[in-house]
Protein chains: 2
Amino acid sequence: MQIHTRMTKQKRVIVEELAGMRTHPTANEVYQLVRSRLPKISLATVYRNLEQLSEDGSIRRIDICGSQRRFDPIVEPHHHMRCNICKSVYDLPVQKLEELEGCMGKCGEYTLTGYNLAFCGVCHRCDK
Amino acid sequence: MQIHTRMTKQKRVIVEELAGMRTHPTANEVYQLVRSRLPKISLATVYRNLEQLSEDGSIRRIDICGSQRRFDPIVEPHHHMRCNICKSVYDLPVQKLEELEGCMGKCGEYTLTGYNLAFCGVCHRCDK
DNA sequence: ATAACTGCAAATTATTTGCATGAGC
DNA sequence: GCTCATGCAAATAATTTGCAGTTAT
């Protein structure tokens with residue numbers, strides 16, 4: 001980790017493309033998007049920027065979805081759901097779990113600082 | 001997936017070694033354990049058996065811990081916490097989240113069938 | 001000027017698969 | 001005996017790293 005980070009052309013385009021997306025793209029999906037504007041960008045640069053942006057809190061990294069990491073431009077607390085069939089990840093309109101916030105802090109011999117909650121199920125498109 | 005599964009020597013030892021473990025081992029950790037009793041077993045066999053056992057509900061697969069899948073012999077609902085520092089995964093003595101159960105079923109346009117909740121923080125060993 | 005960032009290619013890590021042989025039921 | 005399971009080796013997939021050249025501050 002570094003002390004100073006710089007705003008590069010690549011980072012700016014990554015942030016711009018991610019903004020507003022609600023599909024929780026993987027690194028490779030972000031790479032494909034960004035490539036239409038910066039054809040020479042490399043996948044490693046996308047990985048490095050997504051990682052750095054997660055670290056400074058600009059975006060949210062979603063580690064709960066099986067083998068592939070996903071990214072979310074919305075950092076405010078909310079929950080996700082992953083369809084067992086199509087594997088898409090959606091935002092969930094469940095806001096009533098503030099009880100979770102009450103778990104933060106000291107909990108037995110652990111100090112809890114955050115959590116990941118992911119539901120699984122079937123989405124409207126796959127539910128026939 | 002197959003219709004009939006068989007109880008092999010390898011599967012039996014994997015189940016026996018896993019039973020009672022509270023460290024949520026990775027496939028490779030299970031492999032190392034089992035190897036002391038079955039030196040010729042291969043890592044692929046361990047992966048195949050852990051996957052099969054998760055599918056038939058005999059063990060629980062934990063997909064929420066970053067890049068490595070972990071396994072838990074306890075299938076009853078409970079929550080986990082992963083230390084940010086040592087990356088260990090612990091059981092959590094938080095049982096008051098039954099509200100989560102109330103979220104199952106229809107939720108907007110989704111049908112929720114399960115969830116994964118993992119806390120992160122710092123464990124007693126790393127908290128100095 | 002200097003430290004951070006890039007693209008590229010190669011390396012790593014975790015997991016899966018093809019296949020010939022072996023073993024439960 | 002018929003499948004399913006195994007061991008091995010090779011393949012895949014996701015992510016990370018080394019490095020020499022480039023760029024933001």
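Per chain, numbering begins at 1; letters A, B, ... match sequence-line order.
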To the nearest angstrom, how far is [X] atom [atom1] from [N] atom [atom2]?
{"X": "B:Leu43", "N": "C:dT15", "atom1": "CG", "atom2": "C1'", "answer": "8 Å"}
{"X": "B:Ile14", "N": "D:dG7", "atom1": "CD1", "atom2": "P", "answer": "9 Å"}
{"X": "A:Asp56", "N": "C:dC5", "atom1": "CG", "atom2": "P", "answer": "11 Å"}
{"X": "A:Arg61", "N": "D:dA14", "atom1": "CZ", "atom2": "P", "answer": "15 Å"}
{"X": "B:Asp63", "N": "C:dT15", "atom1": "CG", "atom2": "C1'", "answer": "12 Å"}
{"X": "B:Arg48", "N": "C:dT16", "atom1": "CZ", "atom2": "P", "answer": "11 Å"}
{"X": "B:Leu53", "N": "D:dA5", "atom1": "CG", "atom2": "P", "answer": "11 Å"}
{"X": "A:Gln68", "N": "D:dT12", "atom1": "CD", "atom2": "P", "answer": "17 Å"}

Report task. Sort out for me which residue in A:Thr23, A:Asp63, A:Ile62 forms a side chain to side chain contact (heavy atoms under 4.5 Å, CB included) with A:Arg70. Result ->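 Single pass found, and it is A:Ile62.
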
State which of [options] makes the closest approach to the side chain of [X].
{"X": "A:Arg6", "options": "D:dG7, D:dA24, D:dC4", "answer": "D:dA24"}
{"X": "B:His4", "options": "C:dC19, C:dT16, D:dC4", "answer": "D:dC4"}
{"X": "A:Tyr47", "options": "D:dA14, C:dG18, C:dT6", "answer": "D:dA14"}
{"X": "B:Thr8", "options": "D:dA14, D:dA5, C:dG7", "answer": "D:dA5"}
{"X": "A:Asn49", "options": "C:dT6, C:dC8, D:dG7", "answer": "C:dT6"}
{"X": "B:Met7", "options": "D:dT25, C:dA9, C:dC25", "answer": "C:dC25"}
{"X": "A:Thr45", "options": "C:dC19, C:dT6, D:dT15", "answer": "C:dT6"}

Report task. Please round to the nearest 0.5 Å and tell me the distance separating atom CZ of A:Arg82 and atom CZ of A:Phe119. Result ->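 That separation rounds to 15.5 Å.
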
Query raised in the report: Within the structure shown, what part of the strands sits under 4.0 Å from A:Thr5 by heavy-atom distance: base, sugar-phosphate, or nothing?
Result: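 It contacts sugar-phosphate atoms only.
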
Requested in this report: With heavy atoms under 4.0 Å as the rule, sort A:Glu51 into base, sugar-phosphate or nothing.
Outcome: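 No contact.
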
Counting only side-chain N and O atoms of [X], is one of them less than 4.0 Å from OP1 or OP2 of [N]?
{"X": "A:Gln10", "N": "D:dT23", "value": "no"}
{"X": "A:Gln52", "N": "C:dA4", "value": "no"}
{"X": "B:Arg69", "N": "C:dT16", "value": "yes"}

Query raised in the report: Using 30° and 60° as the class limits, which term best fits the ring planes of A:His124 and B:Tyr110: parallel, tilted or perpendicular?
Result: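 Taking B:Tyr110 first and then A:His124, their aromatic rings stand perpendicular (interplane angle over 60°).
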
Query raised in the report: Quick one: are B:Glu16 and B:Arg12 in side-chain contact, heavy atoms under 4.5 Å?
Result: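 Counting from C-beta outward, B:Glu16 and B:Arg12 do come under 4.5 Å.
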
Query raised in the report: Have B:Asn28 and B:Thr26 got a donor and an acceptor in their side chains that come within less than 3.5 Å?
Result: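 Result is no, nothing qualifies.
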
Query - Neighbour count above 12 (heavy atom, 6.0 Å) for A:Lys106 NZ - result: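 Correct, the count exceeds 12.
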
Query raised in the report: Which of residues 28-42 of chain A have a heavy atom under 4.0 Å from DNA chain C?
Result: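 Under 4.0 Å from DNA chain C: A:Lys40, A:Ile41, A:Ser42.
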
Report task. Could you list all the ring pair (Phe, Tyr, Trp, His ring centres under 6.0 Å) pairs where at least one residue sits in residues 25-62 of chain B, not counting sequence neighbours? Result ->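 For residues 25-62 of chain B, and leaving out neighbouring residues, there are no ring pair (Phe, Tyr, Trp, His ring centres under 6.0 Å) pairs at all.
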
Requested in this report: Taking only Lys NZ, Arg NE, NH1 and NH2, and the carboxylate oxygens of Asp or Glu, determine whether A:Glu51 and A:Arg61 approach each other closer than 4.0 Å.
Outcome: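 Yes, charged N to carboxylate O under 4.0 Å.
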
